[in-house]
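Each remark here refers to the structure printed beneath this line.
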Amino acid sequence: MAEDTSSHEMVGTSHRRRRTKFTEDQLKILINTFNQKPYPGYATKQKLALEISTEESRIQIWFQNRRARCGFQKRPGPETSESSQSHGQDQPDRKFQSREARRCRTVYSASQLCTLIEAFMKNPYPGIDYRERLAKEIGIPESRVQIWFQNRRSRFHLQRKRELVSLEPEDQGKLEGLQGAEDTQNGTDFPSDSHSSRARTW
DNA sequence: GCACTAACCTATTCACATT
DNA sequence: AATGTGAATAGGTTAGTGC
């Protein structure tokens, strides 16, 4: 109970969301659903969220963590069902998975993207407070902002990898050295203030 | 301290629209 | 068909909470 968004006043790098405490009843419902459907679709998650009065994104995280704890290690596989034998080695149980529909794809307007990109260039690891502010500003749920940042960072990393591969060996050395040096959060160097050259293909 | 677990991360894949 | 990108996933780490 030490939280509350004012405990640290920070630039936004790592201020986490307040930890959710599920009640016994909530957990009962979650576990029950999990036992029947470890990979619920969006509709199920929404319904659950309503039922136990929490956000859908919390349900999503709970299922992720639960699967990890329960040792799930196979995706349910694309809903092609019978067709994917090529790598269908040892699906645990291919019953429950005529996969339910995903959340509808969010379509961002140009101005929303502009705001997001600008924010990303300032800070690729925004804390909960900043994400919420941003979400409010552009009128989309905070969970979407979080996912957008995740995808953006991933693609940034990917882009950098590709660059490294295409560089001369000597330049690679330089770059790698640099990386090690300014490594911030997770072993990466993001543009902290000025984004470099390519910002727009992804 | 330690165990448990929500929150968060990267890397990868899926899915679908656009080019 | 290739590309771009939001959504979902596995698997890992960080950190709050309760004992």
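Within every chain, numbering begins at 1; the chains are lettered A, B, ... in the order of the sequence lines, protein sequences first and strands thereafter.
Remark: A/Glu137 engages no residue in a side-chain hydrogen bond (donor to acceptor under 3.5 Å, both in side chains) (not counting sequence neighbours). Evaluation of the side-chain hydrogen bond (donor to acceptor under 3.5 Å, both in side chains) rule for A/Glu142 yields A/Arg17, A/Arg131 as partners, not counting sequence neighbours. Residues satisfying the side-chain hydrogen bond (donor to acceptor under 3.5 Å, both in side chains) test with A/Ser143, not counting sequence neighbours, are none.
Contacts between residues 131-150 of chain A and DNA chain B, defined by a heavy-atom separation under 4.0 Å, are made by A/Arg131, A/Gln146, A/Gln150. Of the residues in residues 50-57 of chain A, not one places a heavy atom less than 4.0 Å from an atom of DNA chain B.
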For residues 107-118 of chain A, run the donor-acceptor check on the side chains, cut-off 3.5 Å, and write out each pair with its distance to 0.1 Å, sequence neighbours left out.
unit_1, atom_1, unit_2, atom_2, d
A/Ser109, OG, A/Ser111, OG, 3.4
A/Ser109, OG, A/Gln112, N, 3.1
A/Ser109, OG, A/Gln112, OE1, 3.4
A/Gln112, OE1, A/Ser109, N, 2.8
A/Gln112, NE2, A/Ile138, O, 2.8
A/Thr115, OG1, A/Ser111, O, 2.9

Under 3.5 Å donor-acceptor pairs involving side-chain atoms of residues 47-64 of chain A, not counting sequence neighbours:
unit_1, atom_1, unit_2, atom_2, d
A/Glu56, OE1, A/Arg103, NH2, 2.5
A/Gln60, OE1, A/Lys45, NZ, 3.0

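A donor N or O paired with an acceptor N or O is not found under 3.5 Å between the base of B/dT10 and the side-chain atoms of A/Arg153. Not a single donor-acceptor pair, N or O on each side, falls under 3.5 Å between the base of B/dC8 and the side chain of A/Arg17. The base of C/dT5 lies close enough to the side chain of A/Arg105 for a donor and an acceptor atom to sit less than 3.5 Å apart.
Both A/Leu113 and A/Arg67 lie near DNA chain C, and the one whose nearest nucleotide falls closer to the 5' end is A/Leu113.
A/Arg67 contributes a side-chain N or O that, together with a main-chain N or O of A/Pro38, makes up a donor-acceptor pair within less than 3.5 Å.
To the nearest 0.5 Å, the span separating CG on A/Leu158 from CZ on A/Arg160 amounts to 12.0 Å.
A/Thr20 comes within 4.0 angstrom of the backbone, heavy atoms only, and of no base. Using a 4.0 Å heavy-atom cutoff across all strands shown, A/Arg103 reaches sugar-phosphate atoms only and no base atom.
Minimum atom distance to the side chain of A/Tyr39 is reached by C/dA10, of the listed C/dA10, C/dA15, B/dT10. With distances taken from any side-chain atom of A/Arg19 to the nucleotides C/dG6, B/dT10, C/dT17, the minimum falls on C/dT17.
Taking atom CG of residue A/Asn151 and atom P of nucleotide C/dT9, one finds them 14 Å apart after rounding to whole Å.
Scanning both residues, A/Thr33 and A/Ile29, for their nearest heavy atoms gives OG1-O, 2.8 Å.
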